[in-house]
A.B. asks: 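Dropping a structure here in structure tokens format, bear with me for questions.
Chain naming here is simple, since letters A, B, ... match the order of the sequence lines and numbering starts at 1 in each. This structure is a prediction, so every number in the text was calculated from the model and none was measured.
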Amino acid sequence: MIQVYNTLTKTKEAFETLEPGRVGMYLCGPTVYKPSHIGHMVGPVIFDAITRYLEYNGYEVRFIVNITDVDDKIIAESAARGMTMAALADEMTADYQANLAALGVDTISAFPKATEHVGNIIAFIEKLIAQGFAYPADGDVYFDVSKFAEYGKLSGRSPKDMLGEGGLTAGQKRNLADFALWKAAKAGEPAWESPWGPGRPGWHIECSVMSQQLLGDTFEIHGGGLDLVFPHHENEVAQSECCTGKPYVKYWMHNGLMQASSEVGKLGGRNTREAEAGDLASQEDGKISKSKGAGAFREMLAEFPGETIRFFVLSTHYRRPIDFSTERIRQVETGLETFYRFFKRFQRVTGASFYALDYAAGRAAEDALVAGFAGDFLTWIREKRTGFLAAMDDDFNTGGGIGELFELVRHLNRFVDENKLEGMAEGPEKVKLVATLVDGTRILRGLSATLGLFQKEAVKAEDAAAEDLLVQGLMTLLIELRANAKKAKDFATADAIRNQLKELGVTLEDRPGGTEWSRG
RNA sequence: GGCGGCAUCGCCAAGUGGCUAAGGCAGUUGAUUGCAAAUCAACCAUCCCCGGUUCGAAUCCGGGCGCCGCCUCCA
């Protein structure tokens, strides 16, 4: 049974869908006015893993991430760049989606754009006005929070903290906390015709409208960063529940925010806020979404493989804040190498690729597979799998799950060691042992797939180099020369070859089956 | 000021009433190796402080100190 922490109730609840086997999930996506930074990637990685895990559990998941492509910031930035809002939005959307692809985030069903739903937005607003929940004022339209008795239920705020002392406290708004559903266009701004004159949608309304269009009036999961609880999600609840008279979302899931040390600014390249003289805050640590120096994610990708960043994000529980630093990601990378080395070893021993390994399609099929496991080794594997699933069932505890994955790979390695599988002569005994190793490895493959890890072999620069025939030939030659030296007990020469290659960034490892080389 | 969250080994991080407090990084020792690398094995914390509840608490309650987020655009 999967348990989910719900921000609305502040408790973990049993996960139950409205319709059997089907999950609607909506995640607030980016406002596309500048290249995405690491903070924008946290939610998609987490909810991609959640989607995979739900699918593993037999659910069909419709996962929506919206693109806010009309907004004050986009208008300002595109004007500054001398391009149209649409052109800027397209460019930044492409950047966002390329970053997601690099992280292996590919479970998103659709990326609806606000500008594609303006007609639906207008209809939604008209309905709210007709029911008395919203009011036009001089070309703008506002939501009247005093009309929704439950306003504040998600964020835990009391309405009287937010409502003004009665009266028109803030310009045309009736209450201080009222928020814009529709904004009148100023001269020269992009605008759509509406019953209230030319204008554009407010920020909050698009999510209510697009989620309704794609997922229905009520759906299972709405995700987003913790910083969106108020006012964005609170406002969504108000708009949607007033519009439909039905509950909006069953489970509100909020991820902790990525914190960054100042080095992110350096890493991502040149703090764009440096021009702000005296803004020391931009040099300090803190939440990175305030343009405090978070560099473009694309530049981070030049430094670290997408999978390393994904592994880093998933190595802790999603509700915790997570601190990014180069040192931490290096540590995680070192740990990841353990898996990659095992995959190579698996290939040496079995002749098959870990990545191409068949694995059970879903939890039920895997349960059946594992039920047939016998012997100390496979029984141990089965227990680790149980631990992994217990962690994931408990509010998608990917950090706990990854711990089990590390234990799994250790036991797989031990099995190879204890049975001296590397360098073992071909024969019936080896066939039998390899079959057992494959059975165990299949579980690692299947479980890590639920996190979206190890889906395909990372293509690194070193692999490209390895394909170079000249390099291949030279390495074969050097390894052979060194083998001859070793055979002649000329260890000085053998070590000289190894040490000098090391300085060139090439590592030699002597294995029972011969010498392996790698770069990096 | 209001609301909320977090404090677990040198660093990161699971664990939310009861066996020996996961796992990763770093470190020490051993097996293996000509030496390495890799791998395996062993070792490495009583859980911010004080008080309480309980047969029993890292886990619950109260107080304190500290850090963080939201309250304004933000994943």
A.B. asks: Among B:A75, B:A37, B:C71, which is the nearest nucleotide to the side chain of A:His37?
C.D. replies: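 Per side-chain heavy atoms of A:His37, the pick is B:A75.
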A.B. asks: Would you mind classifying the nucleic acid contact of A:Leu405 as base, sugar-phosphate or nothing, using non-hydrogen atoms under 4.0 angstrom?
C.D. replies: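 Answer is nothing: A:Leu405 stays at 4.0 Å or more from every strand.
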A.B. asks: Using the P atom as the point on both nucleotides, what is the distance between B:C71 and B:A75, in whole Å?
C.D. replies: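 Straight-line distance between the two P atoms is 12 Å.
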A.B. asks: Under a 3.5 Å limit for both distances, which nucleotide forms a Watson-Crick or G-U wobble pair with B:G1, could you say?
C.D. replies: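 Here B:G1 is engaged in a pair, and the nucleotide opposite it is B:C71.
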A.B. asks: Test salt bridge (Lys or Arg N to Asp or Glu O under 4.0 Å) on A:Arg385 and A:Glu383 and set out the steps.
C.D. replies: CA-CA 5 Å; A:Arg385 172 180 180 266; A:Glu383 282 171 14; over 6 Å; no
A.B. asks: Would you mind telling me which of B:A38, B:A36, B:C40 lies closest to the side-chain atoms of A:Arg498?
C.D. replies: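 In terms of side-chain proximity for A:Arg498, the closest of B:A38, B:A36, B:C40 is B:A36.
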A.B. asks: Find every protein N or O atom lying less than 3.5 Å from an N or O atom of nucleotides 30-32 of chain B, and list the pairs.
C.D. replies:
none

A.B. asks: Please classify the nucleic acid contact of A:Gly403 as base, sugar-phosphate, or nothing, using heavy-atom distances under 4.0 Å.
C.D. replies: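 A:Gly403: base contact, heavy atoms under 4.0 Å.
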A.B. asks: Which nucleotide sits closest to the side chain of A:Arg482: B:C71, B:A75, B:G34?
C.D. replies: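 Comparing B:C71, B:A75, B:G34 against the side chain of A:Arg482, the answer is B:G34.
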A.B. asks: If you measure from the C1' atom in B:A37 to the same atom in B:U32, how many Å do you get, rounded?
C.D. replies: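 B:A37 and B:U32 have their C1' atoms separated by 12 Å.
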A.B. asks: Using a 4.0 Å heavy-atom cut-off to protein, can you give one letter per nucleotide of nucleotides 5-17 of chain B, 5' to 3': B if the base is in contact, S if only the sugar-phosphate is, - if neither?
C.D. replies: --S---BSSSS--
A.B. asks: Considering only the C1' atoms, how many Å lie between B:C25 and B:C44, rounded to the nearest integer?
C.D. replies: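 Approximately 14 Å lies between the C1' atom of B:C25 and that of B:C44.
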A.B. asks: Can you measure A:Leu437 atom CG to B:C40 atom P for me and round it to whole angstrom units?
C.D. replies: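 Going from CG in A:Leu437 over to P in B:C40 covers 13 Å.
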A.B. asks: With respect to the side chain of A:Thr338, which nucleotide from B:U39, B:C68, B:A37 is positioned closest?
C.D. replies: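 When the side chain of A:Thr338 is considered, B:U39 is the closest of B:U39, B:C68, B:A37.
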A.B. asks: Find the distance A:Phe343:CZ to B:A38:C1' and express it as a whole number of Å.
C.D. replies: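 Checked: the CZ to C1' distance equals 16 Å.
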A.B. asks: Could you tell me the Watson-Crick or G-U partner of B:G66, where both distances fall under 3.5 Å? Say none if there is no partner.
C.D. replies: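 Per the H-bond distance test, B:C6.
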A.B. asks: Will you find, in the side chains of A:Tyr53 and A:Asp393, an N or O donor that is under 3.5 Å from an N or O acceptor?
C.D. replies: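 A:Asp393 and A:Tyr53 do have a side-chain donor-acceptor pair below 3.5 Å.
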A.B. asks: Rounded to whole Å, please give me the gap between NZ in A:Lys502 and C1' in B:A38.
C.D. replies: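 Going from NZ in A:Lys502 over to C1' in B:A38 covers 11 Å.
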A.B. asks: Determine the interatomic distance between P on B:A31 and the same-named atom on B:C68; round to the nearest Å.
C.D. replies: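 That atom pair is separated by 49 Å.
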A.B. asks: For B:C60, which nucleotide in any strand shown is its Watson-Crick or wobble partner with both distances under 3.5 Å?
C.D. replies: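 Partner of B:C60: B:G52.
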A.B. asks: Mind telling me whether A:Phe406 and A:Phe311 have parallel, tilted or perpendicular rings, with 30° and 60° as the class edges?
C.D. replies: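 Ring orientation, 0 to 90° scale: perpendicular.
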A.B. asks: Rounded to the nearest 0.5 Å, what separation is found between the CZ atom of A:Arg81 and the CD1 atom of A:Ile74?
C.D. replies: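 That separation rounds to 11.5 Å.
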A.B. asks: Judged by each residue's nearest nucleotide on RNA chain B, which is more toward the 5′ side, A:Thr334 or A:Met41?
C.D. replies: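 Its nearest nucleotide lies further toward 5', so the answer is A:Thr334.
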A.B. asks: Sticking with atom C1', work out how far B:C3 lies from B:A22, rounded to a whole angstrom.
C.D. replies: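 So the two C1' atoms sit 34 Å from each other.
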A.B. asks: B:G34 base stacked by A:Phe491? Criteria: ring centres under 5.5 Å, plane angle under 30°.
C.D. replies: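 A:Phe491 vs B:G34: stacking yes.
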A.B. asks: What I want to check is whether the side chains of A:Glu13 and A:Thr9 have a donor and an acceptor closer together than 3.5 Å.
C.D. replies: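 Their side chains do contain a donor-acceptor pair, which is all the 3.5 Å distance test asks for.
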A.B. asks: Does B:C40 have a Watson-Crick or wobble mate here (both distances under 3.5 Å), and if so which one?
C.D. replies: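 Paired with B:C40, as far as the under-3.5 Å criterion goes, is B:G30.
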A.B. asks: Describe the nucleic acid contact of A:Glu509 in one word from base, sugar-phosphate, nothing, applying a heavy-atom distance below 4.0 Å.
C.D. replies: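 Base: the residue A:Glu509, judged by heavy atoms under 4.0 Å, touches a nucleobase.
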A.B. asks: Return the nearest nucleotide to the side chain of A:Asn255; candidates are B:A75, B:C70, B:G23.
C.D. replies: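 Given the options B:A75, B:C70, B:G23, the side chain of A:Asn255 is closest to B:A75.
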A.B. asks: Could you tell me which nucleotide pairs with B:U46 by Watson-Crick or G-U wobble geometry, both distances under 3.5 Å, or answer none if nothing does?
C.D. replies: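 Pair assignment: B:U46 / none.
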A.B. asks: Do the side-chain N and O atoms of A:Glu236 and A:Ser208 include a donor-acceptor pair separated by under 3.5 angstrom?
C.D. replies: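 The answer is no; no qualifying pair exists.
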A.B. asks: For A:Glu422 and B:U33, what is the distance between atoms CD and C1' respectively, to the nearest whole Å?
C.D. replies: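 From A:Glu422 CD to B:U33 C1': 13 Å.
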A.B. asks: Choose from B:C70, B:A75, B:G23 the nucleotide whose nearest atom is closest to any side-chain atom of A:Arg157.
C.D. replies: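 Selected nucleotide (nearest to the side chain): B:C70.
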A.B. asks: Any donor-acceptor pair under 3.5 Å linking the side chain of A:Glu234 with the backbone of A:Leu154?
C.D. replies: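 Present.
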A.B. asks: Nearest-Å distance, CG (A:Asn235) to P (B:U72)?
C.D. replies: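 After rounding, the reported distance stands at 11 Å.
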A.B. asks: Verify the distance criterion only: is there a donor paired with an acceptor across the side chains of A:Lys502 and A:Thr507 at less than 3.5 Å?
C.D. replies: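 Distance-only check passes for A:Lys502 and A:Thr507.
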A.B. asks: Could you tell me how far apart A:Gln347 (CD) and B:U39 (P) are, to the nearest whole angstrom?
C.D. replies: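 Those two atoms, CD and P, are 18 Å apart.
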A.B. asks: On RNA chain B, check which nucleotide each of A:Arg414 and A:Pro30 is closest to and give me the residue with the more 5' one.
C.D. replies: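 On the 5' side of the pair lies A:Arg414.
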A.B. asks: A:Arg341 CZ to B:C40 C1': how many Å, rounded?
C.D. replies: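 Going from CZ in A:Arg341 over to C1' in B:C40 covers 14 Å.
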A.B. asks: How long is the span from the CH2 atom in A:Trp517 to the CG atom in A:Leu501, to the nearest 0.5 Å?
C.D. replies: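 Rounded to the nearest 0.5 Å, the CH2-CG separation comes out at 9.5 Å.
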A.B. asks: NA contact type, A:Lys489, heavy-atom cut-off 4.0 Å: base, sugar-phosphate, or nothing?
C.D. replies: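 The residue A:Lys489 makes no contact with any strand.
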A.B. asks: Establish, from distance only, whether the side-chain atoms of A:Trp252 and A:His222 form a donor-acceptor pair under 3.5 Å.
C.D. replies: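 There is no such pair (donor and acceptor under 3.5 Å, judged by atom type) between the side chains of A:Trp252 and A:His222.
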A.B. asks: On a whole-Å scale, what distance lies between the P atoms belonging to B:G24 and B:A38?
C.D. replies: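 These two P atoms come out 15 Å apart once rounded.
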A.B. asks: Closest to the A:Thr507 side chain: B:U39, B:C35, B:A37?
C.D. replies: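 Of the candidates, B:A37 comes closest.
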A.B. asks: Out of A:Ile50, A:Thr7, A:Asn6, which residue meets the side chain to side chain contact (heavy atoms under 4.5 Å, CB included) rule with A:Met253?
C.D. replies: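 One option only clears the test, and that one is A:Ile50.
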A.B. asks: C1' atom, B:C9 versus B:G15: distance in rounded Å?
C.D. replies: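 Going atom to atom, C1' in each nucleotide, I get 15 Å.
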A.B. asks: Could you tell me how the ring of A:His233 sits relative to the ring of A:His254: parallel (under 30°), tilted (30 to 60°) or perpendicular (over 60°)?
C.D. replies: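 Tilted, since the angle between the ring planes falls between 30° and 60°.
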A.B. asks: Mind calculating the distance between CE (A:Met253) and P (B:A75) to the nearest angstrom?
C.D. replies: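 Whole-Å distance recorded here is 19 Å.
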A.B. asks: Please check if any side-chain donor atom of A:Ser353 sits under 3.5 Å from a side-chain acceptor atom of A:Glu457, or the reverse.
C.D. replies: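 Result is no, nothing qualifies.
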A.B. asks: Identify which nucleotide among B:A75, B:C71, B:U39 has an atom closest to any side-chain atom of A:Asn413, counting heavy atoms from C-beta outward.
C.D. replies: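 The answer is B:U39, which lies nearest to the side chain.
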A.B. asks: For B:U59 versus B:G17, give the span between their P atoms, rounded off to a whole number of Å.
C.D. replies: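 Their P atoms lie roughly 11 Å apart.
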